[in-house]
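In each ligand, atom 1 is the first atom listed, and ligand 1 is the first ligand listed.
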Amino acid sequence: MADKTLIDLSWDDFDEARDPRPTSNQFDAVVERAVSRRGFLGGALAFGSAATVFGAGLMSSTTAARAEGAGFAFKPIDIATDHAIHVPEGYAHKVLVRWGDALWSEADGAYDPETGVSVEMSDKVFGENTDGMELFEVDGKQLIAVNSEYVNPKINLPAASEGVPQTADEVRLLKNLQGVTVMEIAEGENGFEVVKDSPYNRRITHETVMELQGPLAGHALVQTNADPEGRTVKGTMNNCGSGKTLWDTYLTCEENFNGYFGATGEMPEGEGYKRYGIGGEGRYAYEKFDTRYDISAEPNEPHRHGFVTEIDPANPGSTPIKRTALGRFKHENAEMVQASDGRIVVYMGDDERGEYLYRFVSNGVWEEGTNGGDLLNDGTLYVAKFSDDQTGEWLPLTPATTGMELAEILAFTRMAASAVGGTTMDRPEWVAANPTKVEAYVALTNNKNRGVKPNAGGDDTSVNAVNPRETNKFGQIARWTPNGGNHAADGFAWDLYVMAGNPTIYDNAYAGSDNVNAGNMFNSPDGMAFSSDGMLWIQTDGDYKNEGDFVGMGNNQMLVGNTDTGEIARFMTVPNGAEVTGLCWSADRKVAFVGVQHPGGQWPDNAGKPRSSIVAVWREDGAVIG
Ligand code: FEO
Ligand code: CA
Ligand code: CA
């Protein structure tokens with residue numbers, strides 16, 4: 001397969017192109033028995049009868065009837081299909097920062113509308129494809145730490161290359177435009193702007209030196225030619241969602257790291273490569289120019305990525321720390337809470353079809369006002385098991401339960417989760433914990449393989465109560481309440497907060513749950529964050545063609561969900577082609593910062609290339625919105 005085809009594929013399709021899953025498997029017979037096959041508007045579609053059984057019964061009893069949004073502080077907006085941002089009446093917005101904007105004066109004018117950014121300036125500007133972000137208050141200043149998840153090589157490289165780097169410098173350019181940015185922002189006459197040349201401004205890229213900590217650090221599995229000690233790693237990559245620790249540091253989550261590695265020669269031995277989708281040709285051809293990415297030469301380098309990495313935005317000279325105790329997988333985000341018994345809990349999704357939802361619980365307790373970084377090196381990882389009776393449990397991943405050594409559990413966490421029988425999920429994206437009650441939510445974005453193909457480890461992905469629809473194209477949001485009001489408890493009760501769907505063309509489980517209606521339809525929930533009032537902000541990364549199953553949904557959008565009544569209302573739409581991802585609020589909670597990733601057209605400049613950007617949104621009357 002040509003490289004230019006690989007970069008055009010979605011992450012999951014890329015993995016499956018390199019490692020095709022069987023199209024039938026041992027559970028097909030079971031699914032066949034459970035499935036009723038009917039034709040529906042939009043084409044013949046099969047769905048599990050489990051969906052009809054589970055779809056209604058598992059919905060929260062508090063979900064509202066199909067009513068248009070009421071009880072929100074804004075008038076819900078219509079869908080859009082244009083190349084613009086839309087917010088409710090009485091709200092305003094502006095672009096805070098775009099890919100290529102200078103973080104230091106020396107990079108003024110570094111962005112060229114025709115050619116993008118030069119390699120020399122590529123680590124002095126805001127990176128491409130903004131994603132998770134968090135706001136920090138440091139010495140009276142406001143800092144945003146924000147991920148640049150990946151680059152679009154076709155936008156950044158000369159047209160003749162067709163998106164495949166031709167030189168080491170072109171690889172360097174791509175590497176530098178990804179990673180993390182820390183930047184000071186300040187509010188002036190023109191609203192919030194980036195403070196150029198702030199001493200807090202910082203770029204962290206695929207080249208930044210960081211430290212491995214936790215039980216995997218120093219192990220033979222993470223030793224390389226460049227780092228025989230196995231403790232010092234270059235780079236954090238494919239930084240997707242985010243988290244904020246209780247001690248005010250930033251957590252950046254390494255998601256589709258596997259695609260950066262390729263094999264120019266022989267594949268090393270080991271089941272782990274296959275389970276993590278590593279091998280063959282890399283998505284970006286890095287391996288042809290930098291042996292670090294060539295697993296034929298450096299078989300352990302990929303074991304040093306796929307972690308949650310902690311960064312201290314208040315200290316620009318600090319070394320980022322990869323927290324191996326939180327496991328290695330395609331980390332979406334990391335939602336930290338303190339359990340009622342004082343321990344630290346981090347909820348984390350592994351975003352791939354049929355992978356798992358995880359929880360880390362520290363051994364030690366956190367005391368307010370202290371740096372709890374060491375707590376993240378010492379604890380237990382768990383995988384979630386959702387039972388069809390709406391209870392669930394966290395299964396510990398330990399040498400005793402998995403038959404694996406601790407270091408292996410942390411390096412090959414997916415295999416440990418398979419060994420104990422966690423519940424395969426419909427692509428766990430962000431987890432968000434409600435600040436006003438002891439409960440948490442996970443966005444299960446979609447999974448066209450549900451009930452069709454096993455996951456990369458061959459695990460059964462038959463429909464089940466929490467993932468109730470075969471070939472799930474719309475997604476759902478599940479929530480759980482820990483037993484005893486303690487996030488560290490081993491058991492929980494769960495329900496589905498919403499099943500996305502299209503009630504204008506379906507009258508079955510694909511219509512979605514009762515809190516989905518013609519006025520708030522969406523697909524593929526992804527980013528989520530709670531505002532301080534306990535409202536759930538939901539961001540989508542889905543099909544934006546507004547046709548077929550997705551007719552009436554328009555461009556990707558941000559909605560607000562009332563978690564008491566179940567009502568959901570559309571707050572914002574983003575330009576056609578974009579997903580909306582990343583959300584944080586100003587210190588006074590009057591401004592929301594929203595990430596707009598991979599826009600289409602020529603947004604926001606109306607000229608040149610489309611530019612991923614962070615947008616500031618506020619109420620014209622100056623009231624709090626977050
Ligand atoms: Fe980077 Fe799963 O989104
Ligand atoms: Ca995401
Ligand atoms: Ca997504």
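- In this structure, Arg611 is not positioned above the aromatic face of Phe126 in the sense of NZ or CZ being under 6.0 Å from the six-membered ring centre and within 45° of the axis.
- Looking at heavy atoms from C-beta onward, Glu149 lies in side-chain contact with Asn238 at the 4.5 angstrom threshold.
- To the nearest 0.5 Å, atoms CG (Asp541) and CG (Asn556) are separated by 6.0 Å.
- The Ca ion (ligand 2) forms the vertex of an angle spanning OD1 of Asp526 and OE2 of Glu332; to the nearest 10 degrees it equals 80°.
- Coordination check, Glu149 versus atom 1 (Fe) of ligand 1: passed, since an N/O/S atom of the residue sits under 2.8 Å.
- Taking backbone and side-chain atoms together, Glu255 has an N/O/S atom less than 2.8 Å away from atom 2 (Fe) of ligand 1.
- To the nearest 10 degrees, atom 2 (Fe) of ligand 1 sees OE1 of Glu429 and OE1 of Glu332 at an angle of 80°.
- Taking the Ca ion (ligand 2) as reference, Glu429 places its N/O/S atom OE1 nearest.
- For the ring-ring contact (aromatic ring centres under 6.0 Å, His included) with Tyr347, the qualifying choice from Tyr441, Trp394, Phe360 is Trp394, the only one to do so.
- Between Phe261 and the choices Tyr293, Tyr286, Tyr273, the ring-ring contact (aromatic ring centres under 6.0 Å, His included) rule is met once, by Tyr293.
- Looking at Asp351, its N, O or S atom nearest to atom 2 (Fe) of ligand 1 turns out to be OD2.
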